[in-house]
Amino acid sequence: MLQAVRKPKSISVLFFLITLIAFSIFPSPASGLTEVEVSPVNTPQGAVVLIVDGLSAPFIYPELTPHALDGTPLEKAKLKNLPIISKESAKILELRAPQTFTEGGHSVLVTGNPGADSELVSFKDATVFDMLHKEGYLCIAVMERGDSWSIRAEQDVILRDENNSISNMKIVLEQPEPSSDSSEVPEGLLQVMKKAANKAPGYIKSKETREKYSGYNRWGVEAAYSIVEYMAKNRPEQKYLLTINVGAVDSSGHHRDNYGYVDCIECLDTDISSLNELCKKNDLAFLLTADHGMGFSKDDSKGGHQSEKFMVTDEAQLIPLIVHAQGVESGILRGKHGQEDFAPTLLGILDIPDRPRFAEGKQILLTGHVNLKVELPEKGSIELRKNVNGKDGDVKEGNVKEGNTVTSLQHDDEFLFLGLEPESSYTVRAALDSGNSLEEQEKKLTLETDSVLEFTEKGQKIEESNENNPESVSGSGKNSTASFLKKESGTSSSSLTRLIGYLVIGLVNLAGIVIIAKILKKS
């Protein structure tokens, strides 16, 4: 009888010690994000990004004319749906790809870094997928090209052509190992994607070249349509990014000729209208772009984009970017932009100020408003004031006219202000609940694009994001390559504190293990 009593006691003590150790190992939940709409914003429910492999802007934009290397003007695609979509969208006239090959183009698109490759994509916080996962987004992909190992690993679920072949198409469903930020993939979505994979061979069974190539693209678009349809009906509350990559346009340029290339573009134009309409119906942003373009030596010749003679041409470098979303202003945007601007622009449309870790591109402002995220080292309070001619004005609670306090928020370490006026000057004042001092109690900035502003504790100052003009913040400068390398190369006092903390936790765990062993031995 005594033994029966003593066992539960030892087990309860053991359970208590394990619980104690678990709490010492795992940190307490991080503070939440306090979000406020200064002015109303129309944030889409998610985004669908269609990457058309090898699609050259001069072949589809009425404002541009494609030429062969010998100077001959080439035939453009005769389009029906894209002009209608473009009229309702923002169209960036000049978006230039810094790398005119598939791996490079896809890597630049998702990282915002002009020199990106598959290895850079694999780094922590290096992609738009990493940023979106932190915001609770599901990342889904349907890819016929550009499915490098690192991009596949960033998805929650992906359909891809394992053979990378129009003649021998083999679509497989993959579900990479989920990260701590990943959302659960619905079982119903997996079933929809498996069904789409099984249907794939039927799209390329025709012996006619034109039908085979257009069918290859059509499968990708229709698979995406079924995914959007499922999510709208069954998971309307789940935000997500659907990345689609169709590869037949690029293959047509390589293996057919400029006429086959244009023909494949025209077939795709017929297929994408329904997908765009479904996105509009379900409040999803729709973005069409490419990894690179396509050049031709002369009329009626096969094309290329990676060789030295092609890679320097406008036909290979200029790619389209057409963006439709509720909050996006329609019209043609002129000026010079780079493919590296795509990642911050996509996040801006989704009202996410954070940027991928190595992003060097700049947000193309399409929404008519900017957002500001403020980060404190610990919980505290924030006051946001709009300046008049660069000076602070009087405080009037609830009044957002020039010179007045926009809002005051308390008891958090991250604050997100949505719907601020572009090109306006603001002052941000901060204080910590603990009473600890900050390096700067207030910062002034002019918001050109979405930005992240970081306050640091006294004695732990980090490199400023904009040394030349500290009062003008045009993006999340703290996420630049240089800034991260500087932070990681040295050991700050906070890093030393964390190291000491880990040692203490280790000692507590060791002591706990010894105590548990003794209890078990006695039992």
Using only atom types and a distance under 3.5 Å, with no angle test, would you say the side chain of [X] pairs donor to acceptor with the backbone of [Y]?
X: D269; Y: K80; result: yes
X: T72; Y: A68; result: no
X: S273; Y: T270; result: no

Does atom CD of E119 have more than 12 heavy-atom neighbours from other groups under 6.0 Å away? no
Between F123 and F358, how do the two ring planes meet: parallel, tilted or perpendicular, split at 30° and 60°? perpendicular
Ignoring hydrogens and geometry beyond distance, is a side-chain donor-acceptor pair present between [X] and [Y] at under 3.5 Å?
X: Y216; Y: D161; value: yes
X: D130; Y: T127; value: yes
X: E222; Y: Y203; value: yes
X: T345; Y: Q363; value: no
X: D314; Y: H67; value: no

Test log, rule side chain to side chain donor-acceptor pair (under 3.5 Å), inputs D300 and N258: CA-CA 6 Å; D300 198 19; N258 53 298; over 6 Å; no
Start with the C-alpha distance between D450 and K373, add both sets of side-chain angles, then the distance that settles salt bridge (Lys or Arg N to Asp or Glu O under 4.0 Å), and finish with yes or no. CA-CA 8 Å; D450 290 2; K373 185 178 182 181; over 6 Å; no
Do [Y] and [X] meet the salt-bridge criterion of a basic N to acidic O distance under 4.0 Å?
X: D263; Y: R210; result: yes
X: R145; Y: D291; result: no
X: E340; Y: K362; result: no

Give the C-alpha distance, both sets of side-chain angles, the deciding distance and a yes or no for side chain to side chain donor-acceptor pair (under 3.5 Å) between D283 and Q326. CA-CA 7 Å; D283 192 21; Q326 270 197 43; 3.2 Å; yes
Using side-chain contact (heavy atoms from CB on, under 4.5 Å) as the criterion, list what pairs up with R152, not counting sequence neighbours. D147, W149, I158, R160, E174
Are D257 and K302 close enough, and set up right, to give a salt bridge (Lys or Arg N to Asp or Glu O under 4.0 Å), and what steps lead you there? CA-CA 4 Å; D257 55 23; K302 293 180 180 179; over 6 Å; no
Are R256 and Y261 in a cation-pi contact, defined as NZ or CZ under 6.0 Å from the six-membered ring centre and within 45° of the axis?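 The answer is no, since R256 fails at least one limit relative to Y261.
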Any cation-pi pair here, K91 with Y61, using under 6.0 Å and within 45°?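 Geometry flag: set, cation within 6.0 Å and 45°.
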Can you name the nearest heavy-atom pair linking E144 to G220, along with the distance?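 E144 and G220 have their closest heavy atoms at OE2-N, 3.7 Å.
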Identified side-chain contact (heavy atoms from CB on, under 4.5 Å) partner of L365 from the options L447, I349, V370: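 Only one option passes, and that is V370.
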Before giving the answer on side chain to side chain donor-acceptor pair (under 3.5 Å), spell out for T100 and Q306 the whole-Å C-alpha distance, their side-chain angles and the decisive distance to 0.1 Å. CA-CA 6 Å; T100 60; Q306 192 171 345; over 6 Å; no
